[in-house]
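Report on the following structure.
Not measured: the values here are computed from a predicted model. The sequence lines fix the lettering, A, B, ..., with proteins before strands; numbering per chain opens at 1.
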Amino acid sequence: MQLTGTQFTDTTAKVGNDLATFPDFPAEIRAPAGSRAGVSGFQIHFSSHDIYTPGDAPSVLVAMNPAALITNYEDLQPGGIILVNTGAFTAADLKKAELDVNPLTDGTLKGFRVIEEDINQRTTEALADLGLGKKDVLRCKNFYTLGMVYWLYSRPMEPTLEWLQKKFAKKPELIEANSRALKAGYNHGELLRLFQGRYEVPKVEDAPKGHYRNIMGNEAVAIGLVAGAKLANLKPFLGSYPITPATDILQHMALLKNYDVITCQMEDEIAGICTAIGASFAGRLGMTTTSGPGLALKTEAAGLAAITELPLVIVNVQRGGPSTGLPTKVEQSDLLQSMFGRNGDCPIPVVACATPSDAFDCAVEACRIATEYMTPVILLSDNYIANGTEPWKLPVMDELKPFPMTFATDPEGFSPYTRDEKLARNWAKPGTPGFEHRIGGLEKDAVTGNVSYVPENHQVMTETREAKVMGIRESIPTPPLNGEATGDLLVVAWGSTFGATRAAVERLQKEGVKATHLHMRHLWPLPHGLLEIFKGFKRIIVPEMNRGQLAWVLQSRYPEVRFESYDKVKGKPFQARELKAHFETILEEMS
Amino acid sequence: MQLTGTQFTDTTAKVGNDLATFPDFPAEIRAPAGSRAGVSGFQIHFSSHDIYTPGDAPSVLVAMNPAALITNYEDLQPGGIILVNTGAFTAADLKKAELDVNPLTDGTLKGFRVIEEDINQRTTEALADLGLGKKDVLRCKNFYTLGMVYWLYSRPMEPTLEWLQKKFAKKPELIEANSRALKAGYNHGELLRLFQGRYEVPKVEDAPKGHYRNIMGNEAVAIGLVAGAKLANLKPFLGSYPITPATDILQHMALLKNYDVITCQMEDEIAGICTAIGASFAGRLGMTTTSGPGLALKTEAAGLAAITELPLVIVNVQRGGPSTGLPTKVEQSDLLQSMFGRNGDCPIPVVACATPSDAFDCAVEACRIATEYMTPVILLSDNYIANGTEPWKLPVMDELKPFPMTFATDPEGFSPYTRDEKLARNWAKPGTPGFEHRIGGLEKDAVTGNVSYVPENHQVMTETREAKVMGIRESIPTPPLNGEATGDLLVVAWGSTFGATRAAVERLQKEGVKATHLHMRHLWPLPHGLLEIFKGFKRIIVPEMNRGQLAWVLQSRYPEVRFESYDKVKGKPFQARELKAHFETILEEMS
Amino acid sequence: MSEVQQLKAKDFKSDQEVRWCPGCGDYSIISGVQKTLAEVGVKKENVVFISGIGCSSRFPYYMDTYGMHSIHGRANAIATGVKVANPELDVWVITGDGDGLSIGGNHMIHSLRRNVGLKIILFNNEIYGLTKGQYSPTSPQGLKTKTSPYGSVDAPFDPMQLALGAGATFVARTMDVSPKHMKEVLAVAARHKGAAFVEVWQNCVIFNNDTFKGWTEKAVRDEMTISLVAGEPMIYGKERDKGLKFDHTAIVKCSADEAAVWDPTQESMGQAFLMTQLDKDPSMPRPMGVLRQVTSPTLEELVHDQVDEVTDKRGTGELKDLLYTPDVWEVK
Amino acid sequence: MSEVQQLKAKDFKSDQEVRWCPGCGDYSIISGVQKTLAEVGVKKENVVFISGIGCSSRFPYYMDTYGMHSIHGRANAIATGVKVANPELDVWVITGDGDGLSIGGNHMIHSLRRNVGLKIILFNNEIYGLTKGQYSPTSPQGLKTKTSPYGSVDAPFDPMQLALGAGATFVARTMDVSPKHMKEVLAVAARHKGAAFVEVWQNCVIFNNDTFKGWTEKAVRDEMTISLVAGEPMIYGKERDKGLKFDHTAIVKCSADEAAVWDPTQESMGQAFLMTQLDKDPSMPRPMGVLRQVTSPTLEELVHDQVDEVTDKRGTGELKDLLYTPDVWEVK
Ligand SMILES: Cc1ncc(C[n+]2csc(CCOP(=O)(O)OP(=O)(O)O)c2C)c(N)n1
Ligand SMILES: Cc1ncc(C[n+]2csc(CCOP(=O)(O)OP(=O)(O)O)c2C)c(N)n1
Ligand code: SF4
Ligand code: SF4
Ligand SMILES: [Mg+2]
Ligand SMILES: [Mg+2]
């Protein structure tokens with residue numbers, strides 16, 4: 001399913017549609033096919049205008065078996081099309097899906113346009129003369145279905161046919177089989193006109209000029225980190241340990257060896273961050289990637305990076321918690337851990353990305369902050385961004401402004417804790433004669449950097465570390481408003497709630513409501529100018545996929561105004577329509 | 001120094017004075033004697049009325065060498081007495097203390113009453129005929145000094161003489177030497193009347209009747225945990241890893257094997273908490289003790305305890321941070337880590353003790369919450385409490401109310417996630433036939449406890465875990481006010497800032513100021529009734545040995561009122577007089 | 001409930017659907033364990049399975065005993081707590097090459113040196129299964145995986161060698177494709193007093209298929225592995241015509257007659273360790289079976305003995321004694 | 001600065017006051033290291049000392065080189081990052097029996113198996129010094145310490161045995177009270193390519209005084225220890241009249257003439273491992289010196305070779321290539 005989903009995505013992007021996708025894997029490697037836990041979904045939203053989410057309520061659902069049908073049909077738009085593979089609706093199939101009656105016949109699907117088709121049978125027929133085994137034949141059924149959907153949405157088959165050539169170069173029989181299945185499905189649609197009419201989504205006419213590429217969030221982080229290091233004039237070093245849904249970043253960076261990238265898969269998360277700290281000490285840009293439970297393990301070492309004031313980027317791709325929680329589902333519940341999950345007073349800047357392509361910019365931004373301020377930085381992504389795809393308008397190369405690091409040059413009177421105007425300390429790397437020095441986790445003298453137990457010094461150093469991080473505000477903009485600067489409703493979102501929020505607010509705006517969306521990329525320190533904005537609105541809603549973590553932070557910092565948390569912790573992203581509905585309730589209360 | 005300090009403490013307690021002590025160790029095991037880093041201090045405050053701190057400004061300072069003098073004289077009360085051992089003021093001694101001129105002669109000590117005495121010489125003379133080596137003789141100088149101080153404060157020598165008999169039972173020559181030194185010092189004071197007059201501190205007349213015992217904070221936690229387990233009708237299991245300043249708790253519990261106590265010193269902090277989780281799963285009461293960096297390492301496993309809903313007590317004895325920080329100094333900077341330092345939405349109750357004897361009650365309280373609510377609990381102490389001593393009025397045995405745990409009894413339809421009215425889940429332990437079940441870190445079905453990826457279920461479980469912890473509020477009192485219920489100034493303190501705050505506020509009250517002190521034992525969930533209290537005051541000050549962590553929490557929860565943080569991060573406790581001075585400034589602003 | 005019933009393998013199956021990939025070696029291992037439990041004759045309620053995270057670590061869900069699917073790498077530590085808290089329990093640790101040797105390596109070696117009475121089954125598939133195919137600490141150098149697209153540069157551990165280095169009292173190896181051998185080995189492990197470390201070669205059909213094929217495939221198995229059995233000569237080969245013996249500090253091939261008798265119960269680990277060096281010579285068979293099996297006091301015994309001793313000496317401590325120590329004074 | 005100057009031991013002393021207890025074995029080790037560095041002839045700016053936390057871990061502060069006093073147990077991991085980031089550096093790890101074998105045990109064994117080019121000095125005093133006297137993973141069973149007031153119940157690790165189990169390419173042992181032997185061993189370690197693990201018996205005068213006395217004291221040292229030197233016969237005793245040789249898989253005493261020649265460079269770890277079993281017989285001397293010393297590619301070499309290879313094949317990646325991949329399309 002993921003494979004065919006990807007094909008549809010690529011083809012659609014090439015046709016020039018804006019799109020967003022959201023694959024939904026089962027947590028087991030191979031959960032039993034046909035069981036509810038084994039349902040593998042792939043949602044794609046495409047349109048001729050800017051879109052921000054993979055689409056809340058799909059208009060078409062393709063259900064390859066009863067489990068897929070039953071776990072997804074409720075999300076469909078009223079009146080939407082359901083394409084069902086009846087070949088997989090035997091009694092045994094129903095049982096696997098824990099169904100006593102057949103949902104095709106018991107009225108469950110009332111209100112939808114159901115198209116029943118024995119796709120197993122159709123595929124078998126289409127490939128009858130190829131002499132393939134039954135298993136192999138049935139593996140082609142997804143391409144048969146893809147063909148039907150291509151017909152429905154008037155997509156060209158060529159990109160996928162080409163892709164099949166490459167993919168199965170060594171197995172020509174599979175090229176033939178899948179291609180034939182694809183075409184058969186397409187023709188089937190055409191011939192039988194199964195659907196009432198055909199969709200045609202023209203390409204986005206007003207898309208800004210430029211170069212585009214489809215990008216997944218994890219890949220965007222990977223290349224963003226490599227780009228960020230290059231812009232800092234440093235070589236990146238990634239010390240990591242696999243964990244869903246962050247592993248892809250390590251996997252992608254491991255491919256980029258010819259970009260001066262070193263990746264080390266270490267024995268655990270602690271070793272991952274520690275090698276990165278060591279690499280930074282040695283003069284590279286240390287990085288580490290993980291997800292919630294891994295971040296929990298890295299906190300002690302993050303404190304070491306903070307007190308030794310070494311540059312370090314910590315990427316945390318959030319998933320459902322607490323503990324192992326829902327490892328393959330989305331959540332935004334590591335914000336407070338990122339801010340406070342370390343012993344002592346230990347502020348670390350936090351940046352969060354909004355969409356797959358924004359992840360590139362945010363990764364570069366994290367590298368900038370880490371190096372300009374000599375500090376560890378936490379970059380928050382989540383499972384929704386990590387595995388989602390969208391077309392990415394590539395930056396023109398000149399737009400990427402370098403922020404080259406400099407190492408200390410004058411050994412005379414060198415001290416590792418002398419600071420520049422940003423309060424960043426001096427950096428000198430091993431191998432450079434005359435700068436020999438020692439750093440460490442004990443409190444150190446504000447001037448010499450030697451260990452110091454002097455009471456007053458600890459106060460000074462604690463305040464200096466804090467002031468340095470707060471000073472980052474001088475380098476970040478007040479976030480722009482989407483909507484008017486004052487009004488009834490301000491929606492403050494962060495991370496991947498961006499898309500659904502933007503869509504919901506824009507819909508309200510179109511309906512003439514005075515609603516505004518504020519997206520927060522920088523979560524710590526908070527940018528200047530927020531209070532002034534907040535004061536301009538009657539109600540402020542903070543939708544989060546957690547129990548109100550950003551709302552907690554904002555409420556503490558801005559007691560002058562009230563923040564209302566709206567939460568969803570279901571392992572699924574917000575839908576624009578549910579947000580819109582919630583906002584409408586709020587607005588009604590006000591009127 | 002620590003040894004003689006302890007003797008003075010014990011003697012003073014037996015005389016019937018109220019007291020509080022604060023030993024101050026160097027961070028190195030044996031930092032070079034005579035160096036500033038090597039100064040080992042012991043502060044004791046005793047009086048005839050209730051006292052809350054080891055005394056901000058001592059009235060007598062005993063300085064055994066220049067380093068001790070120079071690092072401490074500023075804390076002394078104006079006009080205070082300084083007793084100096086001139087035998088340790090040679091040029092070499094001054095150099096070790098990094099002094100160019102002798103502070104005894106350069107006017108540094110103007111305003112103090114300095115008593116110079118060559119204690120080395122005096123001690124040597126006193127022991128001349130014993131035939132001891134020079135080193136051994138000089139080791140007795142602290143007892144000579146103690147003798148002088150005993151004389152000054154009219155303490156009896158008997159308890160110490162008896163103690164020496166026991167301590168050196170196998171080395172009679174040392175009994176003789178130290179006893180003689182003690183007496184010689186005492187007599188020296190008496191004979192020469194070195195001091196202008198003698199202090200006599202009568203015993204506390206209004207001390208409540210009952211049994212008393214001197215207790216250090218760490219020991220109080222240890223016996224509190226053992227008592228708590230007994231009250232829960234469970235056997236305690238402590239899995240721990242040594243770390244300053246928490247190690248004593250492990251050490252003390254290791255002695256209590258005949259109280260059904262098992263202690264395991266594990267390979268690291270993670271193994272410490274994990275064995276405790278395993279022990280709880282097996283039906284004991286699991287516990288783990290640590291300090292800040294260790295807590296950072298335990299956070300992932302704490303999440304497992306939270307989602308498996310097993311009882312567990314996590315004790316964190318705070319020290320200066322971040323990272324290794326100031327391991328032998330005091331700080332309160334792990335509050336936010338305790339509240340938020342875990343992945344996912346993962347609330348855990350937090351309790352903090354105020355004084356060494358309060359640590360006993362808080363440890364029992366932590367056990368109560370852990371078992372009644374089937375949850376991990378964090379108990380916060382700090383280095384000041386851990387190593388401080390005070391007389392503890394022992395509870396009458398009847399006052400200790402048991403809260404016995406019950407295990408599930410009916411295997412019929414048993415499910416580990418069925419809950420009682422407190423939302424605590426069913427507990428059944430391995431070894432019991434008919435209750436076989438599996439738990440784990442993945443999200444689980446609200447009813448069966450089996451793994452569940454159902455979206456709605458995760459929302460329910462997240463809210464249930466939260467509701468359970470918030471429900472603890474029903475079992476805790478609104479904290480009592482020390483002072484009137486409304487007024488100009490409310491001081492909200494937690495942990496070991498209790499003492500200095502109480503003293504400062506009481507002094508203000510005596511001066512007729514409308515100031516009130518509120519001490520918070522329960523930091524999460526926050527008790528009922530706080531907002532009503534807060535609203536009664538014009539200004540609310542939150543003094544903390546961190547950069548405003550409780551203030552952050554309160555501000556977020558009670559935006560209706562304003563909290564003003566007053567911080568000290570110098571590795572030293574607040575002094576009542578500095579708090580009082582700060583409060584006075586605030587009050588002046590108001591007038 | 002008081003009568004001990006002879007349980008069957010199927011009595012240990014829980015009601016949860018087993019969710020490994022079709023063809024995964026894990027199936028054969030769980031069935032081996034279930035049979036072993038039935039054979040050894042344990043009480044269901046006394047059995048506890050503790051696992052970490054990984055495909056293999058889902059094991060406890062499928063067993064109708066007590067169990068915990070804990071967090072990655074920590075099974076040994078949690079199991080230590082369970083066993084010390086209640087030595088009556090039969091505590092099994094289920095772990096993978098990533099779970100038990102990568103993130104959990106430290107708890108592994110410490111539980112082995114302490115000789116905690118745990119039966120530890122390490123599912124070694126030389127790959128991270130659950131996270132979909134990254135190299136593990138047992139993956140051979142050069143293996144191309146998702147995180148080592150150009151080949152892994154890490155030299156691997158030999159799990160048995162590591163266990164011996166840590167001082168394990170019981171070390172063994174078996175394979176998923178030989179249920180009979182597995183059951184034999186597991187039965188000895190189940191009866192061992194102290195920490196029993198059993199490496200199982202387990203095939204991951206999806207991400208590292210056939211990694212052990214060169215030794216485990218029926219056609220070569222008899223030639224490429226040797227099953228070590230206590231008190232029996234070290235013989236192998238389809239025709240059982242080949243032997244191994246010690247030549248000074250080396251192990252050399254010989255005829256079946258000359259084969260030395262295997263003795264895993266020696267105090268010195270010398271011979272067991274030599275066995276782990278066989279893989280340096282590709283022509284040599286790989287050792288399977290029990291490499292070491294010695295008796296030594298267990299952690300839980302020593303802990304409880306000490307508690308008993310101190311209690312005997314001082315008397316059972318009552319709550320009151322805890323508080324009212326001899327240094328108490330009274331204010332009247 | 002470009003001329004290489006011959007540095008002296010004292011050139012490696014930093015301006016920080018050394019703060020170990022008078023009489024602590026650490027003094028002799030730091031002096032041994034300083035002498036070794038001078039002798040081996042390193043450049044000061046290329047030397048990095050990474051330590052964890054413990055008395056021993058204060059070491060870097062006292063060295064006028066680059067250094068980091070990091071966090072408890074993580075020195076090996078941090079040092080791995082340093083060495084892989086810049087293989088030109090001479091990276092030393094300073095750790096204790098608690099730091100390197102208790103909390104840091106996992107990073108220790110993993111850095112050994114990966115053969116990271118680190119010189120690892122493990123200060124083994126069989127106690128936690130800095131936290132004032134608790135038993136460590138090398139403390140003998142029964143040791144009474146602050147956390148084991150009735151005697152420790154944990155069976156200890158043998159550090160060299162563990163290192164061999166982990167696959168270390170260099171394993172050695174020396175003692176604080178023999179500066180000469182220490183310097184010899186450290187010099188070989190310093191020149192080893194790959195991970196060099198050196199256990200140093202170090203006396204903690206305060207919390208575990210004289211724990212090694214039975215072997216290290218002048219009066220017994222020659223009888224109770226044997227110094228293993230590559231290519232030389234295994235002879236010991238004050239009169240150098242005693243020898244060791246291999247009798248099948250055992251090591252037995254013999255006359256000096258019959259003594260076997262020691263060879264730490266064999267691929268099989270068999271003999272080295274047998275040496276670690278000597279302590280099972282109290283009448284046997286304890287092995288000191290280099291137990292194993294084999295050459296194998298280091299992690300940092302393999303990592304950088306792979307980077308070079310991929311770069312040769314694909315060309316140096318420019319920022320633009322990273323973004324503008326072949327699947328880009330243009331909207332005009
Ligand atoms: C703290 C933490 N880090 C990483 C992970 C991700 N993770 C889960 S299982 C696994 C490795 C599984 O490999 P192995 O132990 O060999 O088990 P297998 O799946 O091969 O049976 C990893 C890295 C996690 N769940 N938790
Ligand atoms: C995370 C963490 N846990 C525990 C400690 C406390 N601690 C510091 S050093 C040490 C053990 C020291 O023993 P060892 O490594 O043998 O060094 P030694 O002092 O004996 O040289 C411990 C437990 C710490 N600093 N950090
Ligand atoms: S991924 Fe591999 S190890 Fe995991 S269940 Fe599938 S075959 Fe088994
Ligand atoms: S405590 Fe022991 S190890 Fe630490 S400095 Fe003192 S003698 Fe050395
Ligand atoms: Mg595996
Ligand atoms: Mg030590």
Side-chain angles (χ1 to χ4, degrees), chain C residues 73 101-110 112-115 137 141 148-158 160-169 246-251 260 266-274 276-278 280-281 296-297 299 301-303 305-307 309-310, chain D residues 73 101-110 112-115 137 141 148-158 160-169 246-251 260 266-274 276-278 280-281 296-297 299 301-303 305-307 309-310:
Chain C
L101 294 182
S102 194
I103 189 168
N106 208 30
H107 309 306
M108 178 65 76
I109 58 178
H110 282 270
L112 294 176
R113 83 165 163 92
R114 292 194 184 106
N115 199 30
Q141 234 164 359
S148 58
Y150 309 111
S152 158
V153 294
D154 283 20
F157 280 136
D158 171 344
M160 293 202 297
Q161 179 181 325
L162 183 67
L164 291 171
T169 58
F246 299 100
D247 179 11
H248 282 85
T249 57
I251 299 176
Q266 302 166 64
E267 213 206 328
S268 164
M269 292 189 169
Q271 293 190 351
F273 199 85
L274 282 178
T276 66
Q277 303 297 298
L278 281 185
K280 306 224 149 118
D281 178 350
S296 184
L299 179 72
E301 270 173 12
L302 294 169
V303 164
D305 286 355
Q306 198 169 68
V307 167
E309 246 167 61
V310 178
Chain D
L101 294 181
S102 193
I103 188 168
N106 208 30
H107 309 305
M108 177 64 75
I109 58 178
H110 282 271
L112 294 177
R113 83 165 162 93
R114 292 194 185 105
N115 199 29
Q141 234 164 359
S148 58
Y150 310 110
S152 158
V153 294
D154 284 19
F157 281 137
D158 171 345
M160 293 202 298
Q161 179 181 325
L162 182 67
L164 290 171
T169 58
F246 298 100
D247 179 11
H248 283 82
T249 57
I251 298 176
Q266 303 166 63
E267 213 205 329
S268 164
M269 292 188 170
Q271 293 190 351
F273 199 85
L274 283 178
T276 66
Q277 304 296 299
L278 281 186
K280 306 223 150 119
D281 179 349
S296 185
L299 178 72
E301 268 173 14
L302 294 169
V303 163
D305 286 356
Q306 199 169 67
V307 167
E309 248 167 60
V310 178

In terms of ring plane angle, is the pair C:F157 and D:H110 parallel, tilted or perpendicular, where the classes change at 30° and 60°? perpendicular
Atom group of C:P297 that falls short of 4.5 Å from chain D, counting heavy atoms: neither
For chain C, find which of D:A250, D:G167, D:P137 contributes the most heavy-atom pairs closer than 4.5 angstrom. D:P137
Pairwise distance OG(D:S152) to CD(C:Q306) - rounded to 0.5 angstrom: 8.5 Å
So, C:N106 side chain and D:G104 main chain: donor-acceptor pair closer than 3.5 Å or not? no
For the pair C:E309 (side chain) and D:Y150 (backbone), establish whether a donor and an acceptor sit closer than 3.5 Å, ignoring hydrogens and angles. no
Got a sec, which residues hit side-chain hydrogen bond (donor to acceptor under 3.5 Å, both in side chains) with C:D281, two or more places apart in sequence or on another chain? C:S283
In terms of heavy-atom pairs under 4.5 Å with chain C, which of D:I251, D:L101, D:L112, D:L278 leads? D:L101
Okay, C:L162 and chain D: the region with an atom under 4.5 Å from a heavy atom over there is both
At a 4.5 Å cut-off on heavy atoms, which part of C:E267 comes close to chain D: side chain, backbone, both, or neither? both
Can you tell me which of D:D154, D:D247, D:V310, D:D158 forms the most heavy-atom pairs within a distance under 4.5 Å of chain C? D:D154
List the steps and the verdict of side-chain contact (heavy atoms from CB on, under 4.5 Å) for D:Q141 and C:L302. CA-CA 10 Å; D:Q141 234 164 359; C:L302 294 169; 3.4 Å; yes
C:Q271: which residues meet the side-chain hydrogen bond (donor to acceptor under 3.5 Å, both in side chains) condition with it, sequence neighbours left out? C:Q266, D:T249
Checking C:I103 against chain D: side chain, backbone, both or neither under 4.5 Å from a heavy atom? backbone
Residues D:F273, C:Q277; criterion side-chain contact (heavy atoms from CB on, under 4.5 Å); working and verdict: CA-CA 11 Å; D:F273 199 85; C:Q277 303 297 298; over 6 Å; no
D:L274 and C:G270: which non-hydrogen atoms are nearest, and at how many Å? CD2-CA, 3.4 Å
Which of the residues D:L164, D:I109, D:D305 is involved in the greatest number of heavy-atom pairs with chain C at under 4.5 angstrom? D:I109
